[in-house]
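Keep in mind that this is a model prediction, so the values were computed, not measured. Each chain gets a letter, A, B and so on, in the order its sequence line appears, and its residues count up from 1. All heavy atoms count here, side chains included; hydrogens, waters and symmetry mates do not.
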2 protein chains.
Amino acid sequence: MRLFAQHGYAAVSMRQIAAGVGVQAGALYNYTPDKQGLLFGLMREHMDELLAARAERDVPADPLAQLEDFTRFHIAFHMERADEVFVSYMELRNLDAENFATIETLRRQYEDELEAILRRGVAAGVFSVPDSKIATLALIAMLTGVNTWYRTGGRLSVREVETIYWDMVRKAVAP
Amino acid sequence: MRLFAQHGYAAVSMRQIAAGVGVQAGALYNYTPDKQGLLFGLMREHMDELLAARAERDVPADPLAQLEDFTRFHIAFHMERADEVFVSYMELRNLDAENFATIETLRRQYEDELEAILRRGVAAGVFSVPDSKIATLALIAMLTGVNTWYRTGGRLSVREVETIYWDMVRKAVAP
DNA sequence: AATGTATCTGAACATCTGTTCAGATAAAAC
DNA sequence: GTTTTATCTGAACAGATGTTCAGATACATT
């Protein structure tokens, strides 16, 4: 996973992966049908864990608290899995049509959770967004952007970053 | 460029590139010292054009108008160069240290323009952001996210997308 | 028409690619 | 202690990779 994140799926050979886990290349084929299966497995696992972790949280009552919860969850989860996030966002094009569709469905599920929050908030009059679908994608892009600059050990804690982004998210959807 | 965007730098061979321009692989070496030089050339050209296009615009007077101008410019420019943007954001890891630093410097220049706008706005009391550097990166990530979903010929025009995002940007940095 | 310059071809190079598989090795089940 | 099962090795495979280069081709200048 670290190898894929650092060099890219296509640039990493089965022999490098095998060396990474201390084994010969041929042995990998006891665990994956082919190279793409390996990538797909990692991606699917990541998305499953994302949705599972999300489902475990108990949802607050009002949309504003739900949005804050989503924001903090998204940032915290993505920050502690920088490699997985990177690969899952970057290597989609290396999946064949079927595998791509599977991952895309999972991603859509996750996006739908945020969109549902926004819609409820708009209906309740506590949010105002020009277009709930676009707002969803815009906010997720903004939040996921943390991964491009955050490095553990920097001047800000995860909690502080959460708060900074929450401030902007809250205002962006304010009426 | 289209090939790099669709399949990724590492997944595209020199022979494929050559075929794309109707030539044999060897002929490419009259134009680039090696494969990475080709990627670097495309990236550098893209960043130069970005900064040049930005420099051509005459800047509005107040920070609010400047921010709107930046937002609309960024979206419009990035939407009409989907492939270049995609490659420039995705293939950074395939550059060696020196080339990477060059591109990174150009990107930083661009980000600094937005940050300067934000700082002026904060100083003038028309903006309020928790951290101007982070806000810069957050906004750029959000705006660049358009490239993940927008397809020409969809239900929204570029101008409409600009306006939708501008609404969210404006509110996100509001006092 | 003859020369010089720039570009392109097509083959060759050494090396790497994903994948397969017979046989070695180890662990588990009886 | 023997047999079954699972896992790993190491070599082999056919083909692709980036890059080089002598020679062909086309074009511009004299």
Side-chain angles (χ1 to χ4, degrees), chain A residues 1-48 83-104, chain B residues 1-48 83-104:
Chain A
M1 177 55 92
R2 187 175 30 86
L3 286 173
F4 279 163
Q6 274 176 342
H7 308 102
Y9 166 78
V12 175
S13 72
M14 293 299 272
R15 286 169 180 78
Q16 286 176 281
I17 298 169
V21 296
V23 111
Q24 288 294 109
L28 295 177
Y29 288 83
N30 291 319
Y31 304 96
T32 180
D34 52 22
K35 191 186 178 189
Q36 175 167 154
L38 228 153
L39 175 63
F40 176 67
L42 290 173
M43 281 189 174
R44 152 141 233 167
E45 197 179 344
H46 172 65
M47 293 307 295
D48 284 346
D83 285 346
E84 287 83 349
V85 170
F86 197 69
V87 170
S88 291
Y89 274 76
M90 300 274 275
E91 308 291 0
L92 278 171
R93 63 186 163 189
N94 290 306
L95 297 177
D96 63 34
E98 189 189 356
N99 288 344
F100 177 82
T102 303
I103 299 294
E104 205 56 15
Chain B
M1 176 55 93
R2 188 175 30 86
L3 286 173
F4 279 163
Q6 276 177 340
H7 307 103
Y9 166 78
V12 175
S13 72
M14 294 299 271
R15 285 168 182 81
Q16 287 176 282
I17 299 169
V21 297
V23 111
Q24 288 295 110
L28 295 176
Y29 289 82
N30 290 320
Y31 304 96
T32 178
D34 52 21
K35 192 186 177 190
Q36 176 167 157
L38 228 153
L39 175 64
F40 176 67
L42 290 173
M43 282 189 174
R44 153 143 232 164
E45 196 179 343
H46 171 66
M47 293 307 296
D48 284 345
D83 285 348
E84 286 83 348
V85 170
F86 197 68
V87 171
S88 290
Y89 273 77
M90 301 274 276
E91 309 292 0
L92 278 170
R93 63 186 163 189
N94 290 307
L95 297 177
D96 64 34
E98 189 189 356
N99 288 344
F100 178 82
T102 304
I103 299 294
E104 206 56 15

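- In this structure, the side chains of Thr102(A) and Leu95(A) stay at 4.5 Å or more apart for every pair of heavy atoms.
- Near DNA chain C, defined here as any heavy-atom distance below 4.0 Å, there are no residues from residues 91-99 of chain A.
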Worked check of side chain to side chain contact (heavy atoms under 4.5 Å, CB included) between Leu42(B) and Val87(B): CA-CA 9 Å; Leu42(B) 290 173; Val87(B) 171; 5.7 Å; no

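- For the residue pair Ala5(A) and Asp83(A), the shortest heavy atom distance occurs at CB-OD1, 3.6 Å.
- Contacts of residues 29-39 of chain B with DNA chain D (heavy atom under 4.0 Å): Tyr29(B), Asp34(B), Lys35(B).
- Straight-line distance from the CD atom of Gln24(A) to the C1' atom of dA12(D): 14 Å, rounded to whole Å.
- Once rounded to the nearest 0.5 Å, the distance linking CG of Leu92(A) with OH of Tyr9(A) reads 13.0 Å.
- Within the model, atoms CD of Glu84(B) and CE of Met43(B) stand 11.5 Å from one another, a figure rounded to the nearest 0.5 Å.
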Pairing annotation in dot-bracket form, given for DNA chain C with Watson-Crick or G-U pairs under 3.5 Å and | for cross-strand partners: |||||||||||||||||||||||||||||.

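- Side-chain atoms of Leu38(B) and Tyr31(B), non-hydrogen and from C-beta on, never get closer than 4.5 Å to each other.
- Side-chain N or O atoms of Gln36(A) include one that pairs as donor or acceptor with a backbone N or O of Asp96(A) at under 3.5 Å.
- Here the closest non-hydrogen pair linking Ala25(A) and Arg15(A) is CB-CG, 3.8 Å.
- Here chain A contacts DNA chain C (any atom closer than 4.0 Å to a heavy atom, that is under 4.0 Å), and the contacts span dT17(C) to dT20(C) from 5' to 3'.
- Heavy-atom distances under 4.0 Å link DNA chain C to Arg15(B) of residues 8-16 of chain B, given in residue order.
- When all heavy atoms of Gln6(A) and Arg93(B) are compared, the pair lying nearest together is O-CD, 3.5 Å.
- The CG atom of Asn99(A) lies 11.5 Å from the CG atom of Asn94(A); values are rounded to the nearest 0.5 Å.
- The shortest side-chain heavy-atom distance between Val85(B) and His46(B) falls under the 4.5 Å cut-off.
- Among residues at least two apart or in separate chains, salt bridge (charged side-chain N to carboxylate O under 4.0 Å, His left out) pairs with a member in residues 26-48 of chain A are Arg44(A)-Asp48(A).
- Contact annotation: the side chain of Phe4(B) never approaches that of Met90(B) to less than 4.5 Å [non-hydrogen atoms, C-beta and beyond].
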